[in-house]
Amino acid sequence: MPDTQQLSMPDPPSAPPPRDWHRTVIVVAAIAAVAALVGVLIVVVGGQGGSDGDAPAASSEAGRDTRDPLRPQGQSRLDPGTRSDTEAAVRNNWPLLTNDEFDGTKIDPALWSLYTGETTGGVGRHDPDNVTVNDGTMKITSHGYSSAGMAWTQGQLHGRWEVRARAQQGVGYGAVILLWPDAEDWPEGGEINFMEIPNGARNESHFVLHYSEDNSQIGTTTVGDFTQWHNYAVEWGPDHVAGFIDGQEIFRSSDPKTIPPRPMHLAIQQDIGPYGKDWIPPLDDTTPERVQLEVDWVRIYGY
């Protein structure tokens with residue numbers, strides 16, 4: 001899909017996976033202004049981690065609810081010359097296993113299962129009718145307390161996943177693309193959120209890696225205009241997890257305790273707030289009547 005195309009306006013299968021972080025507010029107005037001017041992704045938060053080494057220490061807070069989302073403490077840095085049509089798979093020569101280009105008129109049930117039941121946090125409901133395919137893309141359209149999500153029907157142990165997506169602005173909805181354990185043994189089985197955009201302005205994307213029985217979390221935050229098309233990728237091997245945006249590595253952990261231990265599968269969803277401590281805020285009077293998460297294609301690669 002061309003980058004210039006504008007978004008049109010218009011409830012894991014029985015319930016979405018719980019996802020957990022705690023959010024603190026960091027305002028970096030000058031950096032955000034530069035990002036808006038140049039139209040590229042740049043550093044949003046200070047600290048250790050990112051693509052220059054192993055992951056930073058896990059975010060933590062004494063006495064916190066381990067189900068709460070935690071804002072990543074890491075930072076990512078991208079080349080200002082990056083283009084949003086650059087793919088990590090092309091840059092790194094990953095071997096394609098399977099894909100969905102969404103060129104038809106409906107979801108392929110051999111590839112995907114659609115969510116039903118409550119949304120993450122129990123605020124709303126998933127409705128499969130909110131998932132549509134047309135004009136070469138898949139759309140999850142949220143309205144009021146009705147949203148949707150979908151899970152790839154087959155998981156695998158290790159691999160690479162890349163998804164081209166964009167998220168329409170709207171307070172109260174959080175777009176997420178993630179890997180979820182086939183055994184449903186969260187948090188011990190791990191979780192990798194390689195595109196997490198909870199704020200309504202869609203000017204931050206988080207990469208968050210969950211591990212251990214207490215839901216420890218590490219990750220990185222990047223700012224940019226995520227209402228535009230970008231390519232989000234994750235590489236998961238036996239000894240590392242790495243994240244990419246537009247072909248450039250933004251996160252890496254080679255700490256053995258952080259590596260998911262069992263097969264996982266891809267999931268795409270749009271959650272409804274309020275969720276977590278200020279992670280996804282509640283809907284308000286600025287929230288559009290309908291808000292979309294749009295996906296151009298999904299590609300899964302071997303390791």
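One is the number of the first residue; the rest follow in order along the sequence.
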Worksheet item: Which is it for Val131 and Met138 under the side-chain contact (heavy atoms from CB on, under 4.5 Å) test, yes or no, and what are the steps along the way?
Response: CA-CA 7 Å; Val131 179; Met138 182 277 293; 4.0 Å; yes
Worksheet item: Does the pair Glu196 and Trp279 meet the rule for a side-chain contact (heavy atoms from CB on, under 4.5 Å), with working shown?
Response: CA-CA 11 Å; Glu196 171 77 0; Trp279 185 247; 2.8 Å; yes
Worksheet item: For Asn231 and Trp297, what are the C-alpha separation, side-chain angles and deciding distance, and is it a side-chain contact (heavy atoms from CB on, under 4.5 Å)?
Response: CA-CA 10 Å; Asn231 301 325; Trp297 45 254; 3.7 Å; yes
Worksheet entry | Test side-chain contact (heavy atoms from CB on, under 4.5 Å) applied to Asp271 and Val123, step by step | CA-CA 9 Å; Asp271 297 330; Val123 177; over 6 Å; no
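Within the 4.5 Å cutoff, side-chain heavy atoms of Leu266 are placed close to those of Leu179. At least one side-chain heavy atom of Asp296 sits under 4.5 Å from a side-chain heavy atom of Trp229. Within the 4.5 Å cutoff, no side-chain heavy atoms of Val234 are placed close to those of Ile177.
The aromatic rings of Phe244 and Trp94 stand perpendicular to each other, their planes meeting at an angle above 60°, with 30° marking the opposite boundary. Trp152 and Trp112 have perpendicular rings, their planes meeting at more than 60° on a 0 to 90° scale where under 30° would count as parallel. Ring geometry, Trp236 versus His158: the interplanar angle exceeds 60°, so the pair is classed perpendicular (tilted spans 30 to 60°).
A donor-acceptor pair shorter than 3.5 Å cannot be found between the side chains of Ser205 and Thr222. Under the 3.5 Å distance criterion, with hydrogens and angles disregarded, a donor-acceptor pair is assigned to the side chains of Ser146 and Asn130. No hydrogens or angles considered: a donor-acceptor pair under 3.5 Å links the side chains of Asn193 and His210. No donor-acceptor contact under 3.5 angstrom links the side chains of His230 and Asp225, judged on distance only. A donor and an acceptor atom, one from each side chain of Asp214 and Ser216, are located under 3.5 Å apart. Side-chain contact check for Glu204 and Thr221: no donor-acceptor pair (N or O, by modelled atom type) lies under 3.5 Å. Using modelled atom types and a 3.5 Å distance limit, the side chains of Glu294 and Thr137 yield a donor-acceptor pair.
Taken from CD in Glu235 to CG in Asn92, the straight-line distance is 7.0 Å, to the nearest 0.5 Å. Here the CH2 atom belonging to Trp180 is positioned 8.5 Å from the CD atom belonging to Gln269, to the nearest 0.5 angstrom. Interatomic distance, Ile140 CD1 to Leu293 CG, rounded to the nearest 0.5 Å: 5.0 Å. Atom OG of Ser84 is separated from atom CG of Asp246 by 5.5 Å, given to the nearest 0.5 angstrom. Here Gln168 contributes atom CD and Thr141 contributes atom OG1; the two are 8.0 Å apart, rounded to the nearest 0.5 Å. Separation of atoms CD1 (Ile192) and CG (Leu178) is listed at 9.5 Å; rounding is to 0.5 Å.
With hydrogens and angles disregarded, a donor-acceptor distance shorter than 3.5 Å links the side chain of Arg202 to the backbone of Asn199. Between the Thr153 side chain and the Ala110 main chain, a donor and an acceptor come within less than 3.5 Å of each other. Between the Arg91 side chain and the Gly247 main chain, a donor and an acceptor come within less than 3.5 Å of each other. Side chain of Asn203 to backbone of Val223: no donor-acceptor contact under 3.5 angstrom is found. Without hydrogens or angle criteria, Ser147 side chain to Gln270 main chain gives a donor-acceptor distance under 3.5 Å. Between the Gln169 side chain and the Ala201 main chain, a donor and an acceptor come within less than 3.5 Å of each other. No donor-acceptor pair closer than 3.5 Å links the side chain of Asp239 to the backbone N or O of Pro256.
Scanning both residues, Gly302 and Arg160, for their nearest heavy atoms gives O-NH1, 2.7 Å. Nearest heavy atoms, Gly189 versus Pro261: O-CD, 3.6 Å. The nearest pair of heavy atoms linking Pro72 to Thr220 is CB-N, 3.4 Å. Ser253 and Thr258 get closest at one heavy-atom pair: OG-OG1, 2.8 Å. The heavy-atom pair separating Leu114 from Pro128 by the smallest distance is CD1-CB, 3.7 Å. Counting all heavy atoms, side chain and backbone alike, Thr287 lies closest to Leu283 at OG1-CA, 3.6 Å.
A single hydrophobic cluster is seen to contain both Val298 and Leu111, as judged by linkage of ILVMFWY side chains at heavy-atom distances under 4.5 Å, directly or through other members. Hydrophobic clustering of Ile, Leu, Val, Met, Phe, Trp and Tyr side chains at less than 4.5 Å, counting indirect connections, unites Leu209 with Leu157. Both Val295 and Ile245 belong to a single network of hydrophobic side chains, linked directly or stepwise wherever heavy atoms of I, L, V, M, F, W or Y lie under 4.5 Å apart. By the rule that hydrophobic residues join a cluster once side-chain heavy atoms approach within less than 4.5 Å of another member, Ile107 and Ile300 end up as members of one cluster. Residues Val291 and Val171 are members of separate hydrophobic clusters, defined by side-chain heavy-atom contacts under 4.5 angstrom among Ile, Leu, Val, Met, Phe, Trp and Tyr.
Aromatic ring centres of Phe251 and Phe207: separated by under 6.0 Å. Two rings, from His265 and Trp161, have their centers 6.0 Å or more apart.
Between Arg262 and Asp182 no salt bridge is recorded (no basic side-chain N to carboxylate O distance below 4.0 Å). Comment: Glu162 does not engage Arg299 in a salt bridge, judged by the lack of any side-chain N to carboxylate O separation of less than 4.0 angstrom.
For Glu101, the CD atom is densely surrounded, since the number of other residues' heavy atoms within 6.0 Å is greater than 12.
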